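Since the structure comes first, as structure tokens, the remarks are kept for the end.
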Number of protein chains: 2
Amino acid sequence: MFLNAALETTAAEGIEAVTARRLAADIGYSPGTIYQVFENLDDVVAQLKVAILDRLIARLNAVPARGTPEKRLLALIDVYVAFAAEEPRLWHALFEADPPSGAPLPEWFGAHISRGLTLVETVLAPLFKEEDKAGAARAATTIWAGLHGIVSLARSSAVSRASGQETKVLARDFALTYLAGIAARRT
Amino acid sequence: MFLNAALETTAAEGIEAVTARRLAADIGYSPGTIYQVFENLDDVVAQLKVAILDRLIARLNAVPARGTPEKRLLALIDVYVAFAAEEPRLWHALFEADPPSGAPLPEWFGAHISRGLTLVETVLAPLFKEEDKAGAARAATTIWAGLHGIVSLARSSAVSRASGQETKVLARDFALTYLAGIAARRT
DNA sequence: CTCCATAATTAAACATTGTTCAGTTAATTG
DNA sequence: CAATTAACTGAACAATGTTTAATTATGGAG
């Protein structure tokens, strides 16, 4: 219940609106109860991030697993960019917002993020020889990170914020060019 | 004075430690005085970000303007990654931290960020034909954004956090591969 | 030097935040 | 039904950003 309320508030008003009293009031409880379910607000936010990541990964998993790796990667990118465009506050809460206290995220969170990475890695695998698993992993990391950077820059810069389409073009071009570079440098 | 104190506190303890009372106490003033110099704490943080960006850009400007575009770009990247490694709290405050209130940054901040972009664009210019200024701009945007994403992911992921060297290799590889992709797709 | 006007600075107050905990209510078990 | 356990509350505390009346310092005119 707490997480559902936190998710709704975040989607509608941003993660900064998720306060202890607000969260409790939304489901008809008192603030103190939160601390019997969660360690503190950082814990709430950490689990909220996992819930948001689950949503994103569910969408990514929903793209059909057929076609060339390039086409599949572009489909993943479109889904990612669309998620950031449709749910900007969720994307921000997941990838950009700090825990309320400013403390680092718990260690177990890294394992969740890597689910996104391995998803990209799986799609990219056919492009790499079997003995070059490290290359596939590195490419997946770079594309995942680059995608994040492009969406992040697009959100903060007033330039391309007007046309949401621009981000999609930029992200697609980045991925295709990077893959072309891998092919070119290999030969 | 306020900005200097804020910069020192941020470098040492992170931007979350920059509070109104702390800031005032550090220079021997009372909290209320801040509001005769700044509009509010968001304003302090915004100007602090500009100060940090000035530092980063000063370092980027210090790289020699000779050699091939590729070598010059790699030098820029090394400086960027080194800055993030040596001053992680400043990098975080500049690129990742939200304003205290969660409100968006003022419009004039975008103009400052674009200084970094044009710097990369200048280095990349010789690689593009004169009529393809848009291509150079897009490449600069992608590299700047990708660099941000790689450093951001490296910081949040426990995987490569241990060896700070990994980030540099990843960033260099990303840039070179992306440029190779541009060359390959053009022919 | 004195007096006054202006500027600079303060200290206290207010609302809101996360968090704790003794006390109260609800549920469950023997 | 009684007693134990669990769930929950509401008031309190410290710390936050921000405002403002009061105070102090500054500087110029006579």
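Predicted, not measured: the structure shown is a model, and the values here were computed from it. In what follows, chains are A, B, ... by sequence order, proteins preceding strands, each numbered from 1.
Remark: C1' of C:dA8 and CE of B:M1 are 13 Å apart, rounded to the nearest angstrom. Separating the CD atom of A:Q36 from the P atom of C:dA22 is a distance of 13 Å, rounded to the nearest angstrom. Atom pair B:F2:CZ and C:dT9:C1' shows a separation of 10 Å (rounding to whole Å applied). Atom CZ in A:F38 sits roughly 15 Å away from atom P in C:dT20 (whole-Å rounding). If you take CG of A:D42 and C1' of C:dT19, they are 12 Å apart, rounded to a whole angstrom. Going from atom OH of B:Y29 over to atom P of C:dA8 covers 10 Å, rounded to whole Å. The nearest whole Å value for the distance from the CG atom in A:N40 to the C1' atom in C:dT20 is 13 Å. At whole-Å resolution of the value, CG in A:L23 and C1' in C:dT16 are 16 Å apart.
On the nucleic acid side, DNA chain D contacts chain B at distances under 4.0 Å to non-hydrogen atoms, with the end points of that region at D:dT16 to D:dT19.
With hydrogens and angles disregarded, no donor-acceptor distance shorter than 3.5 Å links the side chain of B:D98 to the backbone of A:A97.
Salt-bridge check for B:R21 with B:D26: failed, with every basic side-chain N at 4.0 Å or more from each acidic carboxylate O. Checked for salt-bridge contact, A:R155 and A:E96 meet the test: a charged N lies under 4.0 Å from a carboxylate O. Using a cutoff of 4.0 Å between basic side-chain nitrogens and carboxylate oxygens, A:D54 and A:R115 are scored as salt-bridged.
Remark: B:I113 CD1 to B:K49 NZ distance equals 8.0 Å, nearest 0.5 Å.
If you find the closest nucleotide of DNA chain D to B:R21 and to A:G28, the one lying nearer the 5' end belongs to A:G28. Where A:T33 and A:A20 each meet DNA chain C at their nearest nucleotide, the meeting point lying more 5' is that of A:A20.
Note: B:W91 and B:F95 have tilted aromatic rings, judged against thresholds of 30 and 60 degrees for the angle between ring planes.
Using a 4.5 Å cut-off on side-chain heavy atoms (C-beta onward), B:E8 and B:E13 make no contact.
Contacts of B:S30 with the nucleic acid, taken as non-hydrogen atoms under 4.0 Å apart, include base atoms.
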